[in-house]
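Okay, structure first, notes after.
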Amino acid sequence: AELLARDDYRPRALLERFNLEVISTTDPAIDELKWHKMIRDSGWKGRVVPAYRPDNVVDPDFAGFPQNLDKLGDMTGEDTGHWAGYLEAHRKRRAHFKQMGATSSDHGHPTAQTADLKSKQAGKLFDKVRSGKADAEEKALFRAQMLTEMARMSVDDGLVLQIHPGAWGNHSPWVLGRFGRDKGF
């Protein structure tokens with residue numbers, strides 16, 4: 001604690017001392033990236049780039065999923081109540097992340113399962129998921145389809161696709177209660 005209070009142990013000082021060229025954070029798709037903008041605009045020479053983490057808008061079991069889809073639509077001006085608008089909203093957010101320096105997308109999925117549904121089938125599945133009426137099997141199929149969609153988008157926009165299948169987080173009630181979800185415990 002004593003060292004962390006010193007100026008030479010502040011984050012920027014450590015990055016410079018260890019000659020780190022770049023560090024990447026993992027940021028939700030609906031994050032405004034205000035801290036990244038502040039770092040970029042500060043004149044500091046270090047590079048801190050975001051990674052696109054869409055879990056909160058691709059996993060129907062994520063707390064607040066419907067509200068997150070609404071926010072995604074609000075941020076992009078797209079209608080996330082429909083499949084085509086939902087996909088376009090992802091494309092726009094990924095492009096924004098790239099403008100802020102992102103070189104990757106980062107995905108925490110329960111499995112590495114993928115699906116390649118026809119657009120009409122995917123749209124119907126999205127409608128069911130969006131309505132909150134999808135069962136566990138349909139939710140798993142949706143996540144699998146979205147992993148395929150994210151791979152397609154990576155081919156188009158060049159973001160490296162990082163997948164963490166089977167990652168299990170938020171398992172410490174103490175850390176979850178004190179700091180919230182996804183704190184790397």
Side-chain angles (χ1 to χ4, degrees), residues 24-37 40 48-167 169-170 180-182:
S24 180
T25 62
T26 303
D27 303 278
I30 55 176
D31 189 287
E32 294 177 9
L33 302 179
K34 70 178 183 177
W35 302 112
H36 286 276
K37 184 176 181 343
R40 186 187 65 194
V48 181
V49 300
Y52 185 71
R53 181 77 179 235
D55 298 2
N56 61 355
V57 291
V58 300
D59 183 354
D61 289 326
F62 199 101
F65 179 73
Q67 295 81 11
N68 293 341
L69 294 183
D70 292 341
K71 184 170 182 181
L72 179 66
D74 291 344
M75 293 178 91
T76 61
E78 294 295 332
D79 181 356
T80 55
H82 300 285
W83 179 240
Y86 170 68
L87 292 179
E88 188 58 28
H90 277 288
R91 288 184 195 94
K92 285 184 175 181
R93 288 305 293 159
R94 290 169 66 98
H96 179 69
F97 272 66
K98 279 189 75 168
Q99 288 175 341
M100 296 300 293
T103 59
S104 66
S105 64
D106 188 290
H107 307 265
H109 283 259
T111 72
Q113 178 184 359
T114 59
D116 195 14
L117 302 174
K118 301 288 184 201
S119 184
K120 190 173 184 175
Q121 286 177 289
K124 286 181 180 180
L125 179 61
F126 175 75
D127 291 345
K128 195 162 188 184
V129 165
R130 184 71 158 106
S131 74
K133 296 178 182 170
D135 62 25
E137 188 175 306
E138 291 164 325
K139 290 176 183 180
L141 180 59
F142 180 75
R143 284 188 292 269
Q145 180 64 30
M146 286 313 300
L147 196 52
T148 300
E149 298 297 340
M150 291 293 116
R152 270 193 258 275
M153 289 181 198
S154 283
V155 169
D156 292 340
D157 64 24
L159 292 179
V160 172
L161 180 69
Q162 300 177 87
I163 305 169
H164 307 282
N170 308 310
R181 60 173 291 127
D182 301 327

Residue pair Ser154, Arg94: steps toward the side-chain hydrogen bond (donor to acceptor under 3.5 Å, both in side chains) verdict | CA-CA 9 Å; Ser154 283; Arg94 290 169 66 98; 3.0 Å; yes

Tightest non-hydrogen contact, residues Ala63 and Asn68, listed as O-ND2, 3.8 Å

Kindly indicate, with the supporting measurements, whether the criterion side chain to side chain contact (heavy atoms under 4.5 Å, CB included) is fulfilled by Asp61 and Arg143.
-> CA-CA 10 Å; Asp61 289 326; Arg143 284 188 292 269; 3.3 Å; yes

Apply the test side-chain hydrogen bond (donor to acceptor under 3.5 Å, both in side chains) to residues Asp31 and His36: give CA-CA distance (whole Å), side-chain angles for both, the deciding distance (0.1 Å), then the verdict.
-> CA-CA 10 Å; Asp31 189 287; His36 286 276; over 6 Å; no

Over 60° means perpendicular and under 30° means parallel, so classify the ring planes of His90 and Tyr52, tilted if in between.
-> perpendicular

Hey, are Asp157 and Lys98 close enough for a salt bridge, meaning a charged N less than 4.0 Å from a carboxylate O?
-> no

Roughly how far apart are Thr80 OG1 and Met75 CE, rounded to 0.5 Å?
-> 12.0 Å

Looking at Asp116 and Arg152, does any basic side-chain N land under 4.0 Å from a carboxylate oxygen?
-> yes

Roughly how far, to the nearest 0.5 Å, is CD1 of Ile163 from NE2 of His109?
-> 7.0 Å

Determine, step by step, whether Thr148 and Gln113 satisfy the side chain to side chain contact (heavy atoms under 4.5 Å, CB included) criterion, reporting the C-alpha distance in whole Å, the side-chain angles of both residues, the deciding distance to 0.1 Å, and the verdict.
-> CA-CA 9 Å; Thr148 300; Gln113 178 184 359; over 6 Å; no

So CZ of Arg93 and CD of Glu88: to nearest 0.5 Å the spacing works out to 13.0 Å

Where is the tightest heavy-atom contact between Gly81 and Asp127, given as atom of each residue plus distance?
-> O-OD1, 4.2 Å

Going from OG1 on Thr114 to CG on Leu117, what distance comes out if it is rounded to the nearest 0.5 angstrom?
-> 10.0 Å

What is the minimum heavy-atom distance between Leu69 and Tyr86, and which atoms define it?
-> CD2-CE1, 3.5 Å

Under 3.5 Å: donor-acceptor pair, side chain of Asp106, backbone of Ala51 = no

For the pair Trp83 and Phe142, name the ring-plane relationship: parallel under 30°, tilted 30 to 60°, perpendicular over 60°.
-> perpendicular

Side chain to side chain, Ser105 and Leu161, heavy atoms closer than 4.5 Å | yes

Measuring from Gln145:CD to Leu125:CG, what's the distance to the nearest 0.5 Å?
-> 7.5 Å

Take atom NE2 in His82; do more than 12 heavy atoms of anything else shown fall under 6.0 Å from it?
-> no

Distance in Å, Phe97 CZ paired with Thr103 OG1, rounded so as to fall on 0.5 Å steps = 12.0 Å

Please name the pair of heavy atoms, one in Asn56 and one in Ala29, separated by the smallest distance, quoted to 0.1 Å.
-> OD1-N, 4.0 Å

If every non-hydrogen atom of Ala102 is compared with every non-hydrogen atom of Val49, which pair is closest and at what distance?
-> N-CB, 4.3 Å

Test side chain to side chain contact (heavy atoms under 4.5 Å, CB included) applied to Lys120 and Lys124, step by step = CA-CA 6 Å; Lys120 190 173 184 175; Lys124 286 181 180 180; 4.3 Å; yes

Asp79 side chain to Gly85 main-chain N or O, any donor-acceptor pair under 3.5 Å?
-> no

What do you reckon, is CD of Glu138 surrounded by more than 12 foreign heavy atoms closer than 6.0 Å?
-> yes

Do Met100 and Val48 come within less than 4.5 Å of each other through their side chains, counting heavy atoms only?
-> no

Check Thr111 against Leu147 and note the closest heavy-atom contact, atom names and distance.
-> O-CD2, 4.5 Å

